[in-house]
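A, B, ... follow the sequence lines: proteins, then strands. Residue 1 opens every chain.
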Amino acid sequence: GSDFNLNSTAQLGSVLFGELGAPILKKTKKTGRASVDASVLESLSGKKSKAGRFCESLLHYRYIGKMQMTYLDPAIALRWEDERVHPTYRSALTVTGRLSSAGPNIQNIPKDRLIRSIFVPRPGWVLTESDMMSAEMRALASQAGEQKLKRIFASGGDIHTMTFRQVFGKSEDYEPTQDERRLAKTLNFGIVYGISAFGVAQRYDMDEDEAQTVINQYFQAFPMVARFMRGAVRFARKRGYVRNKFGRKRRLYPDILSGESVIRHRAERQAVNAPIQADAWDYNAVAIRRVGATLRSYGLQARMVMTVHDQIMVEHPPEETYIVHRIIDAAFASVEYPEQIPVESKTVSRWGETNESKLEKLLEELRV
DNA sequence: CTGAAGCGCCAC
DNA sequence: AAACGTGGCGCTTCAG
Ligand SMILES: Nc1nc2c(ncn2[C@H]2C[C@H](O)[C@@H](COP(=O)(O)OP(=O)(O)OP(=O)(O)O)O2)c(=O)[nH]1
Ligand SMILES: [Mn+2]
């Protein structure tokens, strides 16, 4: 009917909830206006009404715009003379010890293959990407002393896959899709970092009662996790900070004693999260140093090119594939920590692509 | 014109 | 009413 700016949440809201008569499902945090975020648009999308079809198109428009404006355009504009981007990693910015990355941020590149695949090694070379398996769940198992969780990992189990099957009522041999496994990942970390029944219900379209049951059963299955959570909060209240296994501290005073419950409860969740998130990063950081040192000592052409929290990426000639895998596995196995956190490695010609029936796969298997 | 706030959304 | 955590960044809007 009329012209307006799709990127303006205010203008969009008046059209969607005024002209098109869609129901207001959610308010924004600061101003209390009608929210037009993805969760709202998705709820409205199901319908055959004009508003429903509009929301579907809008979600697609948002995604395309996000990819173009936030990732593709900057990736091209920020290339240096070597045709690569060189993000700035800040090692003393985050409260948990993780690195931050900017200019461009290389740590939030979409998983969408169309986007990831623009990042490539030099011609003729390959990329080996190694990602810690269930990184923070293993750190948690260690810190909480949750034997049941430790046994799952020791026997090669995948907690995210198991949680998906358990919560969504699938059989033991059901293989979740990547998206389904991501759902379970969010649930696992949500629960252990203090999500509410309301939050679970919201995210998974469940009753709040149902959600509470999921949370209760989770802590029943892993009681030491609940105990660890209480212990972290108690420690933070008494000492004003928490500390991870590598000795890294996060200060939580005065929030942890705040009279404002919103502030205080947030600090309590931070008390639980910080030592775990910090452990996963520090573990990776130690391994990174060893991978770098070992690649050098072997006189290889391989070079580490980036890291994303619990992952590292190495660029190297294809003939170095086997030794690079060996070096990375050994480095991650060598970190001084009560439990090993292994990596899953894959070698590819472009970031985000698979190596199925390709040269890289052969090179991995043939141990060239 | 610049900077900040608000919203929204990508990753781990 | 809000109660998973850690980040960076684009756009719109508004104050100066
Ligand atoms: N609190 C919180 N932490 C997250 C979330 N997603 C990822 N993380 C943290 C915890 C993960 O262990 C870590 C690395 O992310 P990954 O995507 O590699 O997941 P993870 O290592 O658990 O599983 P993986 O076996 O690699 O698929 O980042 C989340 O939704 N909430
Ligand atoms: Mn991982």
If you look at every strand shown and take non-hydrogen atoms under 4.0 Å, does [X] touch a base, only sugar-phosphate, or nothing?
X       : result
Q270(A) : sugar-phosphate
R90(A)  : nothing
R182(A) : base
V200(A) : nothing
V272(A) : nothing
F189(A) : base
K66(A)  : base
G103(A) : sugar-phosphate
I276(A) : nothing
K29(A)  : base
T186(A) : base

May I ask you to check whether over 12 heavy atoms, not counting those of D82(A), lie within 6.0 Å of atom CG?
yes

Under a 4.0 Å heavy-atom criterion, DNA chain B is touched by chain A from dG6(B) to dC12(B)

Under 3.5 Å: donor-acceptor pair, side chain of D279(A), backbone of K245(A)
yes

Could you check whether any side-chain N or O of K148(A) sits under 3.5 Å from a backbone N or O of A221(A), counting only pairs where one atom can act as donor and the other as acceptor?
yes

Partner of R203(A) under side-chain contact (heavy atoms from CB on, under 4.5 Å), chosen from L183(A), L187(A), I195(A):
I195(A)

Using the P atom as the reference point in each nucleotide, state the distance between dC7(B) and dA3(C) in Å, no decimals.
15 Å

No-hydrogen, no-angle side-chain donor-acceptor test under 3.5 Å, D112(A) and Y71(A):
no

Cationic N near anionic O, under 4.0 Å, E268(A) to R237(A)
yes

Flag the pair E42(A) and K26(A) as a salt bridge only when some basic side-chain nitrogen lies within less than 4.0 angstrom of an acidic carboxylate oxygen.
no

Both A10(A) and E136(A) contact DNA chain C. Which one's nearest nucleotide lies toward the 5' end?
E136(A)

Parallel, tilted or perpendicular: which one describes the rings of F222(A) and Y218(A), with boundaries at 30° and 60°?
perpendicular

What is the first contacted nucleotide of DNA chain C and what is the last, in 5' to 3' order, if contact means an atom lying under 4.0 angstrom from a heavy atom of chain A?
dA2(C) to dT13(C)

Option passing salt bridge (Lys or Arg N to Asp or Glu O under 4.0 Å) with D158(A) (candidates R165(A), K185(A), R181(A), R138(A)):
R181(A)

